[in-house]
Number of protein chains: 2
Amino acid sequence: MKVLLIFAHPESRSLNGALRDVAIKELEAQGHEVRVSDLYADGWKSEVDRADFPTLAPDARLIPVAASKKSFEADALTKDVKAEIEKLLWADTLILQFPLWWFSMPAILKGWVDRVFAYGFAYGVGEHSDQRWGDRYGEGTLAGKRAMLIVTAGGWEEHYATRGVNGAIDDLLFPINHGILYYPGYDVLPPFVAYSVDRLDETGFAPIAARLRERMRTLATTPPIPYRRQNGGDYLIPSMQLRPELADPGATGFGLHLNGTGASG
Amino acid sequence: MKVLLIFAHPESRSLNGALRDVAIKELEAQGHEVRVSDLYADGWKSEVDRADFPTLAPDARLIPVAASKKSFEADALTKDVKAEIEKLLWADTLILQFPLWWFSMPAILKGWVDRVFAYGFAYGVGEHSDQRWGDRYGEGTLAGKRAMLIVTAGGWEEHYATRGVNGAIDDLLFPINHGILYYPGYDVLPPFVAYSVDRLDETGFAPIAARLRERMRTLATTPPIPYRRQNGGDYLIPSMQLRPELADPGATGFGLHLNGTGASG
């Protein structure tokens, strides 16, 4: 396989740096090709702004969606963004690795998504009809590829459990797993999460590294999160509401969007 | 009241820019004082990196949590971050305004949170005992103040409904409302969200502006989202799990963390 790992931590001599090296070593030992985008080391620019659209007239109003569409169509995106798109097309599997800061990804990684996931590439793809609402949520440019997160969290695992005060980790990561990765077509694997990392010593590192190695060995075979396909018949078009018969009327929560669960509550 | 509005859109001549002006005008008409941090206009730096901690030795390993703690204690954070902290302490009410990009905030605003919400200020506050697990989730430095989001979304409102394919808007915003705003103590008001904004014309703008004006007029009186208090007795300490009697054993979803709901499903 060809694996692209996006690394978003400012310090190589960190737990994240050590886990990245563990992952790469194991992947290469399995015969996979690995490429890494080290966002901090590369000086990645985080903000979507006018500089992203060199063909936009200086006095024109910047409408990010329209500018993204036009620039992608005209192959006029900036060099750094085009290089990342090329890597995404090259890779069979995408890994996003980051420390959980304020229950989401660091700004630099959000900026990678905001800038690289262009209109016509990661969204705004496919036709709309009464059978389909574009190619998204299981379909799209990146369909057939796999993606997963490697996340470190300072908090306790219990605090991220189903009834934990922070909210369940799978729900906290839903906007990323479903909204950023599944949207353009990836099959999304369950995330790898290491908890209580602020209190970690050498003894604590070994089992985490072992668990990560195992996930890297099973990257091709781990079943993805069973999100429902948008155009698979489960949602009404165009309201994109889950069909009434597929879950209890009072059911709420992201669990609604998993195949075969019926309900979340 | 004193209101701080954090504005995170790259174009002033945008719907977001127009809504910001509507909000400010209405707030001032009500006699409130308003300050604005316009992140793009100010050239806000999005990435947490070594430059944020001027007292960190050049060869020292950067541990963001530790560096943040040390710098906040020593009043050694950078000037831009200190200015934002001062504004947060000044304001009674905080408004974060942004376009929803990939189901979350733009990178530049995440970078404002990552950098300004320092250890000792927004987290790492309070003592731990069997009665309390620090001051967070309803307690903390910013307790007694109000916060709310003003969000624009390209997608349809139906797609963000309870059974909509994107996931429910309140769940998508939970990591921000609960994880970023409630965590350091804010009372969080229900968000203001404008949908289908990519297809908006002048006729469509008027009712959205009217709805926003109404929200600005009721900023001081709108009941906040009834999140449970961490140290209010609803969670076991130190596991921080919701007490068994407070919701059905099989219940899941962020609804668990609302007072008086019992369950989400």
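In what follows, every chain begins at residue 1, and chains take the letters A, B, ... in the order their sequences are listed. Atoms considered below: every heavy atom in the structure, side chains included; atoms not considered: hydrogens, waters and symmetry mates.
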Could you look at [X] and say if it's the side chain, the backbone, both or neither that has a heavy atom under 4.5 Å from chain A?
X        : result
B:Tyr227 : neither
B:Arg243 : backbone
B:Val113 : both
B:Leu109 : neither
B:Asp198 : side chain
B:His159 : both

Residues A:Tyr137, B:Asn166; criterion side-chain hydrogen bond (donor to acceptor under 3.5 Å, both in side chains); working and verdict: CA-CA 9 Å; A:Tyr137 292 127; B:Asn166 294 336; 2.6 Å; yes
Can you say whether [X] sits under 4.5 Å from chain B via the side chain, the backbone, both, or neither, judging by heavy atoms?
X        : result
A:Ala122 : both
A:Trp133 : side chain
A:Ala60  : backbone

Considering all heavy atoms, the nearest [X]-[Y] contact:
X        : Y        : answer
A:Ser46  : B:Ala107 : O-CB, 3.3 Å
B:Pro10  : A:Pro64  : CG-CG, 4.3 Å
A:Gln230 : B:Val165 : OE1-CG1, 4.1 Å
B:Val48  : A:Tyr40  : O-OH, 2.6 Å

Side chains of A:Gln241 and B:Thr162 in contact at under 4.5 Å (non-hydrogen atoms):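 When only atoms from C-beta onward are counted, B:Thr162 and A:Gln241 do not touch, as no gap falls below 4.5 Å.
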Distance from [X] atom [atom1] to [Y] atom [atom2], nearest 0.5 Å?
X        : Y        : atom1 : atom2 : value
A:Glu47  : B:Glu47  : CD    : CD    : 5.5 Å
A:Arg61  : B:Ser14  : CZ    : OG    : 6.5 Å
A:Glu158 : B:Met240 : CD    : CE    : 11.0 Å

Sole residue of B:Trp102, B:Trp101, B:Phe103 in ring-ring contact (aromatic ring centres under 6.0 Å, His included) with A:Tyr123: B:Trp102
CD (B:Glu245) with more than 12 external heavy atoms under 6.0 Å: yes
Sub-3.5 Å donor-acceptor pair from the side chain of [X] to the main-chain atoms of [Y], do we have one?
X        : Y        : answer
A:His257 : B:Arg163 : no
A:Lys110 : B:Lys110 : no
B:Glu11  : A:Leu62  : yes

Max heavy-atom pair count under 4.5 Å with chain A, selected residue of [options]:
options                      : answer
B:Pro244, B:Ser239, B:Gly111 : B:Ser239
B:Ile63, B:Asp234, B:Asp114  : B:Asp114
B:Asp170, B:Asp49, B:Leu172  : B:Leu172

